Amino acid sequence: MAERAKVAPMTVSRVINQPVTVAAATRERVEQAIRDLNYVPNRLGQGLRNKQTMVIALVVGDIANPFATEQILGVSDAARERDYNLIFTHTDSSADEELAQLRHLIERRVDGIALSPVLNTPDAVRFVQDQGVPIVVLDYPMPDNDVDVVRCDSDDAGRRLTDYLIELGHTRIAMLSGPEAAVTARERADGYRSAMRAAGLAEDVRFGAFTTASGYAMAADVLTVDDRPTALVTASNFIGLGAARRVRELGLRIPEDLSVVTFDNVGADIVLDPFFTGMVQPVRELAGLATDLLLDRVLGRVTGPGRSVVKLMELDVHGSAAAPPVS
């Protein structure tokens with residue numbers, strides 16, 4: 001390699017490990033030699049010497065959710081820009097599987113972990129920190145951990161989404177949320193409650209799971225009463241999809257007979273028509289910010305207490321909500 005590029009072996013090493021320290025012309029000669037010889041550096045050996053693998057990990061709950069896909073893309077893009085590689089895994093929304101995956105990643109000596117946790121209980125983060133591995137949390141506040149967190153304000157979003165329906169004239173609005181143990185499900189329901197109480201309206205909150213089956217079941221329950229709601233606030237895209245399917249089966253039209261709004265919209269190519277109005281998180285931006293915070297810790301640029309970045313969601317208006325039908 002060095003002979004082909006007509007440089008010293010140390011120069012080849014510097015191009016591979018610290019390219020900014022090598023003059024551009026020399027670096028180009030070495031990189032061309034690497035391409036010509038199809039050379040693949042031994043990153044494991046380099047990691048053992050440098051005590052870094054140049055690999056970070058992302059752990060998500062549900063790989064089938066487009067939200068998780070956006071997180072993967074966001075962290076991957078940010079890591080690549082900084083010459084880090086990304087590996088990712090998912091937990092099937094199981095706290096036990098989450099701990100198992102975290103142990104697996106630590107055994108493989110990743111430099112840091114970005115975690116979108118199943119719950120905001122302290123055990124998973126504490127386990128990683130006890131191993132001396134930097135970690136950042138996506139999506140959830142972590143009041144019992146001193147850790148970097150990047151998330152959106154779900155309480156505020158739930159309130160604003162419900163206010164939108166109230167402003168359209170709805171007075172009978174039900175909330176279909178996720179598992180009560182999940183902080184985002186509780187916060188979105190809390191935001192709904194705040195808006196309903198401020199307007200002097202009766203509350204109707206159902207807790208289930210962040211799945212289409214749960215959305216279907218909760219909608220079937222709430223829509224078969226005599227004085228059924230004229231609008232549903234659903235706490236996730238999958239709940240919204242399941243609820244919309246049950247609405248259609250009951251012979252109701254969206255939005256003419258019933259308005260349905262949600263969080264974290266799925267793509268227009270897979271959603272029922274009309275496309276959901278909902279609160280949307282800047283997922284890739286959040287993932288990029290989380291990667292920056294993580295690499296600050298990995299590289300020792302930042303020490304001390306955990307940092308918190310909280311963004312507001314945006315109301316994305318489409319065709320699934322309208323004024324309530326005239327009685």
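These figures come from a predicted structure and were not determined experimentally.
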Spacing of [X] atom [atom1] and [Y] atom [atom2] [to the nearest 0.5 Å]:
X: Leu119; Y: Glu98; atom1: CG; atom2: CD; value: 7.5 Å
X: Asp264; Y: Met279; atom1: CG; atom2: CE; value: 10.0 Å
X: Gln101; Y: Phe88; atom1: CD; atom2: CZ; value: 11.5 Å
X: Met313; Y: Arg151; atom1: CE; atom2: CZ; value: 9.5 Å
X: Asp92; Y: Asp62; atom1: CG; atom2: CG; value: 7.5 Å

Check whether any side-chain N or O of [X] sits under 3.5 Å from a backbone N or O of [Y] as a donor-acceptor pair, and report yes or no.
X: Thr91; Y: Glu97; answer: no
X: Asp111; Y: Met54; answer: yes
X: Gln71; Y: Val60; answer: no
X: Asn65; Y: Phe67; answer: yes
X: Thr212; Y: Leu241; answer: no
X: Tyr192; Y: Ala235; answer: no
X: Thr230; Y: Leu258; answer: no
X: Asp316; Y: Gly278; answer: no
X: Ser214; Y: Ala209; answer: yes
X: Arg228; Y: Val222; answer: no

(message) Looking only at side-chain N and O atoms, does Asn145 offer a donor or acceptor that is under 3.5 Å from a partner on Gln129?
(response)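 No, because no side-chain N or O of Gln129 sits under 3.5 Å from a partner of the opposite role on Asn145.
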(request) List for me each residue that meets side-chain hydrogen bond (donor to acceptor under 3.5 Å, both in side chains) alongside Asp77, sequence neighbours excluded, and say none if there are none. (result)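 side-chain hydrogen bond (donor to acceptor under 3.5 Å, both in side chains) list for Asp77, sorted by chain: Arg80.
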(message) My understanding is that only residues two or more places apart in sequence, or in another chain, count here; which of them pass side-chain hydrogen bond (donor to acceptor under 3.5 Å, both in side chains) with Thr234?
(response)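 Applying side-chain hydrogen bond (donor to acceptor under 3.5 Å, both in side chains) to Thr234 gives Thr262.
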(message) Between Thr291 and Glu81, is the side-chain contact (heavy atoms from CB on, under 4.5 Å) condition met? List the steps.
(response) CA-CA 11 Å; Thr291 305; Glu81 289 175 2; over 6 Å; no
Residue pair [X] / [Y], side-chain heavy-atom distance below 4.5 Å:
X: Gln281; Y: Lys311; result: no
X: Leu315; Y: Leu161; result: yes
X: Leu312; Y: Arg160; result: yes
X: Phe127; Y: Asp123; result: no
X: Asp148; Y: Asp296; result: no
X: Leu105; Y: Ile87; result: yes
X: Pro143; Y: Asn120; result: yes

(message) Applying the side chain to side chain contact (heavy atoms under 4.5 Å, CB included) criterion to Val233, which one of Val260, Ile239, Leu165 satisfies it?
(response)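 By the side chain to side chain contact (heavy atoms under 4.5 Å, CB included) criterion, Val233 pairs with just one of Val260, Ile239, Leu165: Leu165.
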Ion pair [X]/[Y], N-O distance below 4.0 Å:
X: Asp190; Y: Arg193; value: yes
X: Arg159; Y: Asp163; value: yes
X: Glu249; Y: Arg245; value: yes

So which atom in [X] and which in [Y] form the shortest heavy-atom distance, rounded to 0.1 Å?
X: Ser320; Y: Ile254; result: O-CG2, 3.6 Å
X: Ala189; Y: Met175; result: N-CE, 3.9 Å
X: Gly319; Y: Thr277; result: N-OG1, 4.2 Å

(request) Tell me, with the steps shown, if Ser308 and Met142 meet side-chain contact (heavy atoms from CB on, under 4.5 Å). (result) CA-CA 10 Å; Ser308 180; Met142 304 298 289; over 6 Å; no
(request) Linking directly or through intermediates, with side-chain heavy atoms under 4.5 Å: list the remaining ILVMFWY members grouped with Tyr216, chain and number order. (result)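 Besides Tyr216, the cluster holds no residue at all.
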(message) A quick test of your reading: do over 12 heavy atoms of other residues, nucleotides or ligands sit less than 6.0 Å from CZ of Phe207?
(response)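 Counting neighbours around CZ of Phe207, more than 12 heavy atoms of other residues, nucleotides or ligands fall under 6.0 Å, so yes.
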(request) State whether the number of non-hydrogen atoms from other residues, nucleotides or ligands found under 6.0 Å of Glu314 atom CD is greater than 12. (result)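 Open: at most 12 neighbouring heavy atoms sit under 6.0 Å from CD of Glu314.
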(message) Under the salt bridge (charged side-chain N to carboxylate O under 4.0 Å, His left out) test against Asp292, which residue among Arg301, Arg307, Arg297, Arg82 passes?
(response)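 Of Arg301, Arg307, Arg297, Arg82, salt bridge (charged side-chain N to carboxylate O under 4.0 Å, His left out) with Asp292 is met by Arg82 alone.
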